[in-house]
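Some notes on the structure that comes next.
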Amino acid sequence: MDKLVIRGGKPLHGTVRISGSKNAALPILLAAPLADGPLEYANVPRLRDIFTTLKLLNILGLSTTFEQDRVLVTPASVLNHEAPYDLVKTMRASVLCLGPLLARQGRARVALPGGCAIGARPVNLHLTALEKMGAVFDLEEGYIEGRCDRLKGAHIIFDFPTVGGTENLLMAACLAEGRTILENAAREPEISDLAEFLIAMGAKISGHGTSIITIDGVASLHGGRYAIMPDRIEAGTYMVAAAITDGDLILENCPLRELDAVVSKLREMGVGIEETPAGVRIRRSSELVNADVATLPYPGFPTDMQAQIMALMCLARGAGSIKETIFENRYMHVQELVRLGARITVSGQNAFVHGTDRLIGAPVMASDLRASASLVLAGLAARGTTAIQRVYHLDRGYESMEVKLAGVGADIVRARE
Ligand code: EPZ
């Protein structure tokens, strides 16, 4: 396994280009089985989870190529309808093939995604909603067995604005008979990107980006071309990298509009964020001061930025708090940050951070994708050397992070553990 070794204390200066969004690319690629014609995708990030998704599409019977940031997918007349456990256990988002398979084939056999480091992450809301559209499910031997005739439009009200649930139902409803209304739908920008992709294939969708989405089923969807939106969480992560190292970065291709809650909180903490012709410029506008953060569904503060802003709070003056309302166990990074000298206590869904004037490098362990990003950020600011083990977590969601960071002055190398 690989580790990252960082000698901290170097302010970052220069330009970082933000890659395509992992959390938009995954559902948009997994929508491919819905199409009757070839699909061409641009701005696809080269990430572990993307390679896993392409492997799943191949298992389902579609052929794919991936050159630089472009993916080509050729449709299959008949689809294999099984997503095997060995693959699903490495990427929970595989469950997003459920909607497309049911919509296209009337059959799906998808391994029940296990839990993961950040929580149980059930898919009950996906299944209940698909049942309303006429699907019937059995759970056996760890697999979700789903069957249906042609799915029928339904009026669905989600108990919680689930991102994956909204995506699965959005895809399923495109080929259903009649109208589907999704109420209390997730409003994340990645949902809108998926909807725009499906519309480009001939789907009839409106209201995406709001909590009520309406889909009128069509007989078929054709192929097409689509460019994935930039990754707002990667962009937020590099905003923190500039601030925590007291550097001065320009982020190219930065989706600033989709980061309002993050930008507002960082500005409150003393981070200057301004649009320039070259991109979004990030540098401290004053001494860093602490703040209080609660993670919420979009447009609230994103849970995927919680670990990263916690790293910044560790070096901000005064005390701050975080309330993690989305996942039940998303503080795995806390004990590792404490190893670097951070002063953090956790009580239930709350974390309390007392800023300190320095962190000291040490060996630490990554546990999940955003936790590993948090450890990289802390390592960039810490005095001395920080070695982060199990960086395969990081590779799931950050394209060439050590290359991008070294390109703006970080002393960071990838080594064998
Ligand atoms: C998506 O996960 C993202 N993943 C996550 O990003 C992100 O943290 C999350 O949305 C919230 O924004 C992808 O897009 C691939 P949810 P998802 O369904 O779809 C509960 C990252 O770091 N829930 O909105 O799984 C669930 O347990 C990843 O890039 C149910 O109870 O999120 C969780 O507590 C991590 N039943 C909450 O809702 C269900 O049927 C949010 O889940 C579905 C969800």
Side-chain angles (χ1 to χ4, degrees), residues 19-31 45 47-50 52-53 56 88 90-99 110 112-132 137 139 144 156-171 182 184-194 211 228-229 231-237 258-259 261-262 294-308 324-330 332-333 349 366-374 393-399:
S19 302
S21 162
K22 167 180 86 78
N23 288 351
L26 296 185
I28 289 173
L29 287 166
L30 286 171
L47 301 171
R48 242 174 105 231
D49 277 6
I50 298 294
T52 303
T53 300
L56 175 52
V88 174
T90 68
M91 186 184 72
R92 317 175 24 73
S94 310
V95 75
L96 293 175
C97 72
L98 197 55
V110 179
L112 195 62
C116 73
I118 63 177
R121 302 189 66 187
V123 291
N124 58 307
L125 301 179
H126 303 229
L127 302 182
T128 309
L130 288 165
E131 283 168 342
K132 285 209 176 77
F137 294 105
L139 296 186
I144 303 166
I156 290 155
I157 303 177
F158 284 115
D159 293 348
F160 176 87
T162 158
V163 171
T166 302
E167 290 167 342
N168 243 332
L169 271 291
L170 194 51
M171 293 187 283
L182 303 180
N184 198 24
R187 298 170 52 189
E188 273 68 5
E190 293 75 26
I191 306 266
S192 298
D193 213 30
L194 171 61
S211 53
I228 305 293
M229 68 175 280
D231 194 313
R232 63 190 169 101
I233 303 302
E234 184 195 23
T237 304
E258 285 79 16
L259 278 164
V262 174
T295 65
L296 289 168
Y298 193 87
F301 190 93
T303 176
D304 289 352
M305 276 297 301
Q306 180 256 102
Q308 297 93 306
E324 174 54 60
T325 74
I326 306 295
F327 290 106
E328 65 271 26
N329 186 36
R330 204 169 196 175
M332 307 284 279
H333 42 288
Q349 60 180 160
S367 55
D368 58 87
L369 170 55
R370 306 303 174 181
S372 43
S374 166
H393 292 291
L394 196 76
D395 296 337
R396 298 191 57 170
Y398 289 94
E399 190 175 40

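Counting convention: from 1, in listed order, for ligands and their atoms alike. Any value given below was found using the heavy atoms of this structure, including those in side chains, with hydrogens, waters and symmetry copies removed.
None of Asp368, Thr295, Thr325, Asp304 except one satisfies the side chain to side chain donor-acceptor pair (under 3.5 Å) rule with Arg330; the exception is Asp304.
Every atom of ligand 1 is numbered from 1 in the order shown, and the set under 4.0 Å from a heavy atom of Arg370 is 21 (C), 22 (O), 29 (O). Residue contact check: Arg330 has heavy atoms under 4.0 Å from atoms 8 (O), 22 (O), 35 (C) of ligand 1. Within ligand 1, counting atoms from 1 as listed, the ones closer than 4.0 Å to a heavy atom of Val123 are 39 (C), 40 (O). Ligand-side atoms of ligand 1 in range of Leu369: 22 (O), 29 (O), range being under 4.0 angstrom from any heavy atom. Interface atoms of ligand 1 facing Lys22, defined by a heavy-atom separation under 4.0 Å, are 21 (C), 29 (O). The distance from ligand 1 to the heavy atoms of His126 drops below 4.0 Å at these ligand atoms: 40 (O). Listed by number with element, the atoms of ligand 1 under 4.0 angstrom from any heavy atom of Phe160 are 37 (C), 38 (O), 41 (C).
Among the atoms of Glu167, none of the N or O lies under 3.5 angstrom from an N or O of ligand 1. Residue-to-ligand polar distances place Val163 within reach of ligand 1: an N/O pair is separated by less than 3.5 Å. Some N or O of Asn23 is nearer than 3.5 Å to an N or O of ligand 1, by distance alone. Remark: ligand 1 and Glu328 share no N or O pair separated by less than 3.5 Å (distance only, no angle test). For ligand 1, none of its N or O atoms has an N or O atom of Ala93 under 3.5 Å away.
Counting only distance, with no hydrogens or angles, the side chain of Gln349 and the backbone of Glu324 share a donor-acceptor pair below 3.5 Å.
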Stepwise, does the side chain to side chain contact (heavy atoms under 4.5 Å, CB included) test hold for Leu194 with Met171? CA-CA 9 Å; Leu194 171 61; Met171 293 187 283; 4.1 Å; yes
For Tyr398 and Arg48, what are the C-alpha separation, side-chain angles and deciding distance, and is it a side chain to side chain contact (heavy atoms under 4.5 Å, CB included)? CA-CA 9 Å; Tyr398 289 94; Arg48 242 174 105 231; over 6 Å; no
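Among protein heavy atoms, the minimum distance from atom 19 (O) of ligand 1 is reached at Gly164 N, 2.8 Å. Counting protein heavy atoms only, atom 34 (O) of ligand 1 is closest to Ile326 O, 2.6 Å. Here the heavy atom of the protein found nearest to atom 40 (O) of ligand 1 is Leu125 N, 2.7 Å. The single protein non-hydrogen atom nearest to atom 11 (C) of ligand 1 is Thr303 CG2, 3.9 Å, given as residue, atom name and distance. Distance from atom 9 (C) of ligand 1 to its nearest protein heavy atom, with residue and atom name: Phe327 CZ, 4.0 Å. Of the protein's heavy atoms, Thr162 OG1, 2.7 Å lies nearest to atom 18 (O) of ligand 1. Nearest protein heavy-atom neighbour of atom 17 (P) of ligand 1: Arg121 NH2, 3.8 Å. Asp304 OD2, 3.7 Å is the protein heavy atom nearest to atom 5 (C) of ligand 1.
Remark: among candidates Ala129, Pro297, Pro122, the nearest residue to atom 44 (C) of ligand 1 is Pro122, based on non-hydrogen atoms.
You'll find the side chain of Tyr298 stays beyond 4.5 Å of the side chain of Ile191, heavy atoms only. Here the side chains of Glu190 and Val163 are not in contact, with every heavy-atom distance at 4.5 Å or above. In this structure, the side chains of Asn184 and Asp159 stay at 4.5 Å or more apart for every pair of heavy atoms. Counting only heavy atoms from C-beta outward, the side chains of Arg187 and Pro299 approach each other to under 4.5 Å. In this structure the side chain of Ser19 never reaches within 4.5 angstrom of the side chain of Asp231, judged on heavy atoms. Taking 4.5 Å as the limit, some side-chain heavy atom of Cys97 sits within range of a side-chain heavy atom of Val110.
Ala294 and Phe301 get closest at one heavy-atom pair: O-CB, 3.5 Å.
Note that the CG atom of Leu369 and the CD1 atom of Ile118 stand 8.5 Å from one another [nearest 0.5 Å].
In this structure, atom 37 (C) of ligand 1 has protein heavy atoms in its sub-4.0 angstrom surroundings.
Residues forming a side chain to side chain contact (heavy atoms under 4.5 Å, CB included) with Asp49 (at least two apart in sequence, or on another chain): Lys22, Leu26, Met91, Arg396.
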